[in-house]
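Here, residue 1 is the first one in the sequence, and each next residue gets the next number.
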Amino acid sequence: MQNIEDYLVGEMLDQQNGVNFADFFMSAFLGCRLADDAEVRTKQFTDSSLRWINNVDNHELKTQYATALLAYMHSQETTFQATDFATSFLRSEDQDSYLTSLPDEVSTGVIEKTLGLLHG
């Protein structure tokens with residue numbers, strides 16, 4: 001009979017089960033999760049916001065929203081929040097549409113602003 005340590009090491013080395021074991025060990029066994037990457041969340045927010053803005057039919061409003069996003073992301077604040085952007089810069093009738101267009105990871109909560117992955 002094989003002892004538990006040998007079994008676990010064998011499972012870890014098995015390429016088919018390696019990811020499953022790592023996920024189990026990190027989340028179920030240790031109760032850990034990977035930290036959100038602020039650069040990735042900042043890029044997701046910006047890209048998703050720009051996609052939504054590009055679908056606005058009114059050219060003047062599209063320009064206003066794009067300018068507001070640029071100013072918002074280049075402000076001195078070290079964090080940002082989608083709901084804050086929406087209520088501060090978007091017409092009330094556009095806010096729900098905007099917020100539901102964002103990925104769940106960036107539509108709620110406060111996110112550390114890190115512009116490293118943004119171009120320009």
Side-chain angles (χ1 to χ4, degrees):
M1 178 170 201
Q2 192 177 29
N3 71 32
I4 191 70
E5 291 172 19
D6 291 339
Y7 175 76
L8 290 177
V9 169
E11 286 297 309
M12 283 178 49
L13 296 176
D14 181 356
Q15 290 185 359
Q16 289 181 326
N17 293 322
V19 172
N20 293 336
F21 181 79
D23 287 345
F24 164 78
F25 188 74
M26 289 294 292
S27 61
F29 187 72
L30 293 178
C32 297
R33 67 181 183 87
L34 295 175
D36 290 338
D37 187 352
E39 284 184 334
V40 171
R41 297 291 178 246
T42 301
K43 183 164 176 39
Q44 282 180 316
F45 171 77
T46 305
D47 290 350
S48 298
S49 296
L50 286 172
R51 269 193 300 279
W52 182 86
I53 291 168
N54 283 330
N55 287 317
V56 171
D57 290 333
N58 181 317
H59 180 72
E60 288 178 26
L61 202 52
K62 183 186 293 191
T63 302
Q64 177 185 336
Y65 288 168
T67 303
L69 179 63
L70 183 64
Y72 185 72
M73 294 311 291
H74 283 88
S75 73
Q76 295 299 314
E77 298 295 322
T78 59
T79 60
F80 66 92
Q81 189 171 10
T83 54
D84 177 53
F85 174 75
T87 57
S88 297
F89 297 104
L90 304 182
R91 297 183 313 174
S92 58
E93 58 266 27
D94 291 334
Q95 293 174 12
D96 286 340
S97 168
Y98 167 73
L99 291 171
T100 58
S101 76
L102 299 176
D104 291 340
E105 300 85 22
V106 297
S107 63
T108 60
V110 177
I111 300 170
E112 180 184 343
K113 188 186 336 174
T114 308
L115 304 176
L117 293 179
L118 301 181
H119 301 289

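When all heavy atoms of Leu90 and Gln95 are compared, the closest pair comes out as O-NE2, 3.1 Å. For the pair Ser49 and Leu69, the tightest heavy-atom approach, listed with the atom from each and the gap, is CB-CD2, 3.7 Å.
For the atom pair CG of Leu102 and CG of Asp47, the computed distance is 11.0 Å after rounding to the nearest 0.5 Å. Rounding to the nearest 0.5 Å gives a distance of 13.0 Å between CD of Gln81 and NZ of Lys113. For the atom pair Phe80 CZ and Thr46 OG1, the distance stands at 6.0 Å (nearest 0.5 Å). Summarising the geometry, atom NZ belonging to Lys43 is positioned 12.5 Å from atom CG belonging to Asp37; distances are rounded to the nearest 0.5 Å.
Residue-environment remark: CG (Asp104) stays at or below the threshold of 12 foreign heavy atoms within 6.0 Å. Counted within 6.0 Å of CG on Asp84, heavy atoms from surrounding residues, nucleotides or ligands total more than 12; the atom is thus considered enclosed.
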Can you list the steps and then say if Ile111 with Glu105 is a side-chain contact (heavy atoms from CB on, under 4.5 Å)?
-> CA-CA 9 Å; Ile111 300 170; Glu105 300 85 22; over 6 Å; no
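Residue pairs meeting the side chain to side chain donor-acceptor pair (under 3.5 Å) criterion with at least one partner in residues 56-65, sequence neighbours excluded, are Tyr65-Asp94.
The side-chain hydrogen bond (donor to acceptor under 3.5 Å, both in side chains) check on Ser107 picks up nothing, with sequence neighbours excluded. The ring pair (Phe, Tyr, Trp, His ring centres under 6.0 Å) check on Phe85 picks up Tyr72, Phe89, Tyr98, with sequence neighbours excluded.
Of the possible donor and acceptor atoms, none in the side chain of Ser48 sits under 3.5 Å from a partner among the backbone N and O of Phe45.
Val40 is not connected to Val110 by any chain of hydrophobic side-chain contacts under 4.5 Å among Ile, Leu, Val, Met, Phe, Trp and Tyr, and they are in different clusters.
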